Protein chains: 2
Amino acid sequence: MSKILIVGGVAGGASAAARARRLSEDAEIIMFERGEFVSFANCGLPYHIGGDIQDRSKLLLQTPASFLARFNVDVRVMNEVVAINREEKCVTVRNTLDNTEYQESYDFLLLSPGAAPIIPIIPGIDNPLTHSLRNIPDMDKIIQTISVNKPEHATVVGGGFIGLEMMEAFHQLGINTSLIEMADQVMTPVDREMAGFVHQTIKDQGVDLRLGVALEAVEYKPTQSVANEDAGEDSDHQHLTGELALTLSNGDTLNTDILIMAIGVKPETKLAVDAGLDLGELGGIRTNEFMQTNDPAIYAVGDAVEEHDFVTGEQTLVPLAGPANRQGRMAADNMLGRQETYQGTQGTAICKVFDLAIASTGKNEKQLKRDNVRYEKVYVHTASHASYYPGAEVVSFKMLFDPENGKILGAQAAGKDGVDKRIDIMAVAQRAGMTVEQLQHLELTYAPPFGSAKDVINQAAFVANNIIKGDATPIHFDEIDNLSEDQLLLDVRNPNELKNVGYLEGAINIPVDQLRDRMNELPKDKEIVIYCQVGLRGNVAYRQLVNNDYKARNLIGGYRTYKFAKA
Amino acid sequence: MSKILIVGGVAGGASAAARARRLSEDAEIIMFERGEFVSFANCGLPYHIGGDIQDRSKLLLQTPASFLARFNVDVRVMNEVVAINREEKCVTVRNTLDNTEYQESYDFLLLSPGAAPIIPIIPGIDNPLTHSLRNIPDMDKIIQTISVNKPEHATVVGGGFIGLEMMEAFHQLGINTSLIEMADQVMTPVDREMAGFVHQTIKDQGVDLRLGVALEAVEYKPTQSVANEDAGEDSDHQHLTGELALTLSNGDTLNTDILIMAIGVKPETKLAVDAGLDLGELGGIRTNEFMQTNDPAIYAVGDAVEEHDFVTGEQTLVPLAGPANRQGRMAADNMLGRQETYQGTQGTAICKVFDLAIASTGKNEKQLKRDNVRYEKVYVHTASHASYYPGAEVVSFKMLFDPENGKILGAQAAGKDGVDKRIDIMAVAQRAGMTVEQLQHLELTYAPPFGSAKDVINQAAFVANNIIKGDATPIHFDEIDNLSEDQLLLDVRNPNELKNVGYLEGAINIPVDQLRDRMNELPKDKEIVIYCQVGLRGNVAYRQLVNNDYKARNLIGGYRTYKFAKA
């Protein structure tokens with residue numbers, strides 16, 4: 001009989017407990033959670049604040065009682081493991097209700113402590129109107145502040161998942177919102193130009209988006225009025241109301257009624273460090289492929305651990321629910337004598353931003369550049385399903401690949417429909433080791449309401465293979481502003497498109513369908529830089545020109561890629 | 001300079017023409033189409049009839065003029081190629097407007113003639129109220145009949161893609177509809193029990209669904225009244241109005257106002273046969289992997305050709321748009337000196353039936369049984385995205401795999417959301433040669449609006465691996481009605497579920513959360529056949545029982561699979 005202790009009762013820990021019981025009826029399983037709640041839907045918290053998920057109880061997936069009944073797991077909430085004695089194989093547990101401590105022995109220990117929000121050291125940041133969002137109590141406090149203070153303006157610092165979701169929640173509640181992000185883009189898993197689609201959506205909704213700006217100081221200005229206790233007001237009231245004066249790195253100031261800090265999370269490693277367990281170079285708990293720490297009796301999973309990057313093989317921190325859940329399951333397998341290995345993380349991620357979805361898998365271009373990995377890229381913008389069937393939306397898709405062997409390096413997509421599907425397809429293809437050559441042959445579901453006979457992915461693969469085979473010479477959006485004297489811009493769209501959606505300064509306009517007759521208007525001693533709206537007609541024009549001995553390049557992803565990169 | 005003739009101007013033919021021009025500016029390309037239209041959206045025809053696609057012109061993707069302008073392709077509509085002279089490398093073309101004939105020579109000939117609706121030899125079938133739907137004129141005739149005759153009742157024979165879509169179109173127009181299918185299920189690419197979800201949806205919409213019934217005779221009863229020409233009525237009118245008396249194989253009769261025959265299509269091979277080109281054993285034009293017929297100067301693509309099944313390697317006929325388009329592109333490559341190979345067809349398919357999607361890829365169980373292929377199967381029914389976020393729908397998913405090596409053999413899904421995505425994931429995984437072991441590790445997009453931390457596919461993979469590893473002993477829905485004396489049915493759901501959704505006759509009920517305390521109520525000398533709603537709680541109960549030395553099996557996919565299999 002094994003005795004298994006689990007530290008942390010969400011995602012990885014809860015998955016491990018359930019799996020361990022299914023494998024062994026007689027294992028003793030105790031799960032410690034320092035908070036009040038186990039197995040809650042942490043990914044749902046912003047949606048309850050914003051009102052999409054009305055019923056708070058829907059976020060509470062399991063309770064200690066339900067865990068006991070179904071899995072015979074002894075769940076101890078408000079019990080914090082404060083020390084590990086590896087020699088004795090026991091832990092010290094503090095009951096946070098009465099502050100008593102006790103010991104509990106183990107055969108196997110699983111650490112699933114998660115990650116904590118990073119709160120930067122900023123003057124004045126510690127005030128009653130500043131919140132982070134990681135768990136149910138955090139959420140409750142934000143809801144209470146909104147309900148009591150009725151803020152007219154909210155500020156979110158950080159343009160990652162939580163930041164974007166909280167921005168949308170505030171906006172949905174009718175609160176004017178500012179989003180402040182130190183980088184030049186939100187949603188760092190995607191590249192800057194793909195984030196442009198998100199920036200445009202955010203601005204279109206009237207949110208005050210400030211990029212490349214950091215929060216430097218906060219001043220808390222409590223209101224003078226105190227709570228009217230005779231009128232039944234909560235005595236908390238006087239502590240909560242007030243406003244914040246924010247000072248930003250660009251010298252701007254901003255008054256706001258509530259501030260959410262969402263600049264990221266860091267692994268909770270104190271317990272592991274104190275016990276002398278190894279950390280990785282990025283500061284997460286180091287494990288082997290079995291999710292085992294350097295102490296063979298201690299496993300670790302979830303946001304607290306460093307993972308192995310599927311593409312580069314390097315260490316990475318990926319605080320996402322999917323890997324945490326699967327790791328928990330595998331750790332339980334291995335504690336009970338199996339040999340399951342975790343096979344690396346691609347970092348597949350998606351975020352809803354108003355009616356837009358933005359998603360990615362694998363490496364992005366920033367990472368590939370930094371790591372000096374050889375790559376090429378393509379963009380396509382094509383309909384989520386047959387464009388003649390109602391409801392089709394443009395999927396803007398970027399694919400990164402090795403130009404020599406065609407190996408998939410990463411993919412990103414933005415759009416109002418079908419974005420999750422395309423990134424899932426790429427996540428599977430990448431994990432399977434497919435090349436862009438093979439992507440041409442993918443046979444995906446097609447009927448007019450669901451796809452196209454040549455899907456987004458097939459089309460991107462066609463473009464990539466054209467480049468690999470030398471059938472297309474690409475030019476990219478980020479080269480367009482630096483053309484030389486020897487290059488000539490040719491816009492092959494129809495004149496009304498130039499008028500309606502804009503065009504590149506200095507371009508001459510010959511619609512693709514007139515090009516064969518008007519080719520003599522073009523010089524043969526210059527390189528013709530062709531563009532259209534999304535790159536498709538540009539390719540037709542490119543092929544005409546090179547087959548007539550012109551020098552030419554085609555703007556991959558067309559004017560649309562160039563334009564949104566500026567957003 | 002190559003001279004390329006293309007027979008047929010839709011899908012494969014149109015793709016080939018465009019690709020050929022992009023590769024070669026000086027090739028002479030002539031495309032013959034015996035009909036009036038090229039490159040029309042044949043998959044959209046039922047949706048224009050039903051009204052989802054309002055604008056008929058949206059179905060006309062290209063015209064001869066647009067093909068000429070963009071691709072310098074000489075498109076000759078109303079020109080039918082009636083003979084091939086392989087020795088002289090020329091074809092005989094009949095202008096169907098004036099019935100003149102002429103010769104045209106070729107270096108390469110591409111056959112993309114498509115497939116024709118199968119009209120069975122049934123007494124009375126040739127009448128003005130009976131239609132098939134393959135092209136724009138077919139569609140126009142159906143619309144005219146609806147508009148002139150204002151049918152109150154329509155009958156569709158055949159439950160494949162076109163049949164189901166036409167059924168929905170009629171229903172959407174407020175016309176009472178009967179759907180008649182000779183097999184015991186609609187949508188033959190999926191197995192009978194998965195078609196149950198479609199059957200239920202069809203019945204729920206009030207459509208008269210008749211399975212296992214064939215049409216045996218048709219009697220056309222024209223109305224006595226003739227067109228009132230003074231009132232401006234079309235003289236066609238008197239020929240069109242009337243009704244049909246249908247006699248069915250089960251002896252039933254049915255009066256209907258319009259009849260659609262949609263029992264399938266057969267390859268158009270007359271031209272190929274007359275020219276002495278080889279056919280395959282299934283009656284399609286035989287090609288090699290380069291899409292080349294036994295005459296190296298003649299290629300063939302699309303619905304008219306036999307393909308190579310990706311899973312079994314055997315010959316197959318897959319009349320779908322995706323393969324046709326990709327084959328056309330590859331044939332053009334190869335005619336112009338490249339070496340592109342078509343890599344087999346999985347038969348990935350999807351159909352919208354009211355608000356339900358039904359889809360599949362790879363082989364189904366019927367085919368595997370017939371071919372004596374070793375297989376196991378799993379079912380899961382799980383939410384399309386996090387169930388606490390609004391809009392989640394159940395995805396009912398079936399996966400077929402090799403129980404020895406875990407190789408994916410096929411997958412099927414039904415549901416109102418996320419069905420296309422799951423089958424696409426499986427289509428990619430299967431094409432990449434992945435196993436169900438590897439599917440456990442897939443890292444798919446997850447945020448509450450889009451998926452779950454453990455996606456449908458991960459969950460199905462967990463179940464499959466439990467079976468492979470011996471952690472689960474499955475029983476399937478089709479064994480439940482034949483239990484022996486030595487087996488005991490155990491329902492582990494809550495009593496109110498039994499009351500609300502039904503249960504299996506003779507089952508005893510112990511909710512899973514009470515099982516640990518009440519296990520002694522169960523006999524150890526019988527095999528306990530456990531079931532719950534979808535199989536998940538059943539697995540928890542199964543593990544408890546076997547870990548306590550009971551003999552047990554768990555109904556994979558639970559009561560839901562069993563119930564819909566009867567629909």
Side-chain angles (χ1 to χ4, degrees), chain A residues 11 22 24-25 41 43-44 47 52-53 58-59 69-70 72 320-323 325-326 343 345-346 348-352 357 359 386 388-390 420-421 423-425 427-429 431-432 434 440-451 453-454 458 512-513 516 539-540 543-544 547-548, chain B residues 11 22 24-25 41 43-44 47 52-53 58-59 69-70 72 320-323 325-326 343 345-346 348-352 357 359 386 388-390 420-421 423-425 427-429 431-432 434 440-451 453-454 458 512-513 516 539-540 543-544 547-548:
Chain A
R22 288 198 302 271
S24 165
E25 189 61 17
C43 304
Y47 298 106
D52 285 329
I53 300 170
K58 282 197 174 174
L59 300 173
R70 185 156 303 172
N72 190 24
L320 291 174
N325 276 280
R326 289 192 304 279
Q343 305 185 347
T345 295
Q346 293 163 287
T348 309
I350 190 165
C351 191
K352 178 177 110 61
Y388 55 78
Y389 187 88
D420 53 338
K421 176 163 83 171
I423 294 300
D424 281 352
I425 289 167
V428 179
R431 192 162 277 268
M434 285 181 130
Q440 297 181 102
H441 303 286
L442 288 186
E443 205 185 320
L444 304 170
T445 51
Y446 165 55
F450 302 105
K454 291 170 190 159
N458 299 123
V512 62
D513 290 347
R516 224 168 243 108
N539 182 48
V540 172
R543 295 301 307 170
Q544 278 184 35
N547 285 336
N548 281 289
Chain B
R22 289 198 301 274
S24 166
E25 189 61 18
C43 304
Y47 299 105
D52 284 329
I53 299 169
K58 282 197 174 176
L59 300 173
R70 183 155 306 172
N72 190 23
L320 290 173
N325 276 279
R326 289 192 303 280
Q343 305 186 346
T345 295
Q346 292 163 287
T348 308
I350 191 166
C351 191
K352 180 177 109 58
Y388 55 78
Y389 187 88
D420 52 339
K421 176 163 81 171
I423 293 301
D424 282 351
I425 289 167
V428 180
R431 192 161 278 268
M434 283 182 132
Q440 297 180 101
H441 303 285
L442 289 185
E443 204 185 321
L444 304 170
T445 52
Y446 165 55
F450 303 106
K454 291 170 189 156
N458 299 124
V512 62
D513 290 347
R516 226 170 241 106
N539 183 48
V540 172
R543 296 299 309 169
Q544 278 184 36
N547 285 335
N548 282 289

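Just so it is clear: chains get the letters A, B, ... in the order the sequence lines come, proteins before strands, and each one is counted from 1. These numbers were taken from a predicted model, which means no experiment stands behind them.
For B/Tyr47, the part lying under 4.5 angstrom from a heavy atom of chain A is the side chain only. For chain A, the nearby parts of B/Arg431 are the backbone and the side chain; heavy atoms of each come within less than 4.5 Å. Looking at B/Ala349, only its backbone comes within 4.5 Å of chain A, counting heavy atoms on both sides. For B/Lys454, the part lying near chain A is the side chain, with the backbone staying farther off; criterion is any non-hydrogen pair under 4.5 Å. The contact between B/Cys43 and chain A is made by backbone and side chain atoms together, counting heavy-atom distances below 4.5 Å.
Chain B forms more heavy-atom pairs under 4.5 Å with one residue of A/Thr348, A/Thr345, A/Ile53, A/Asn539 than with any other, namely A/Thr348. The most heavy-atom pairs under 4.5 Å with chain B, out of A/Cys351, A/Ala11, A/Ser24, A/Pro448, come from A/Pro448. Among A/Ala427, A/Pro390, A/Pro323, A/Gly451, the residue with the largest count of heavy-atom pairs under 4.5 Å with chain B is A/Pro390. Interface check for chain B: of the options A/Ile425, A/Asn548, A/Val428, A/Asn458, the most heavy-atom pairs under 4.5 Å are formed by A/Val428. When each of A/Ile423, A/Asn547, A/Leu59, A/Val540 is scored by its heavy-atom pairs under 4.5 Å with chain B, the top score falls to A/Asn547. Counting heavy-atom pairs under 4.5 Å between each of A/Lys58, A/Lys352, A/Gln440 and chain B puts A/Lys352 at the top. The choice from B/Ala447, B/Gly322, B/Ala69 that makes the most heavy-atom pairs within less than 4.5 Å of chain A is B/Ala69.
One finds the CZ atom of A/Arg516 at 4.0 Å from the CD atom of B/Glu25 (value rounded to the nearest 0.5 Å). The CG atom of A/Leu444 sits 14.0 Å away from atom NZ of B/Lys421, with the distance rounded to the nearest 0.5 Å. Separating the OH atom in B/Tyr446 from the CG atom in A/Asn325 is a distance of 8.5 Å, to the nearest 0.5 Å. Note: A/Leu442 CG to B/Gln343 CD = 10.0 Å, rounded to the nearest 0.5 Å.
In terms of heavy-atom proximity, B/Ala359 sits nearest to A/Thr445 at CB-CG2, 4.2 Å. Pairing each heavy atom of A/Arg326 with each of B/Ala453, the nearest pair is NH1-O, 3.8 Å.
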Using the rule given for side chain to side chain contact (heavy atoms under 4.5 Å, CB included), can you reason through B/Gln544 versus A/Asn72, listing the C-alpha separation, both sets of side-chain angles and the distance that settles it, and then say yes or no?
CA-CA 10 Å; B/Gln544 278 184 36; A/Asn72 190 24; over 6 Å; no
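Of the possible donor and acceptor atoms, none in the side chain of A/Asp52 sits under 3.5 Å from a partner among the backbone N and O of B/Tyr389.
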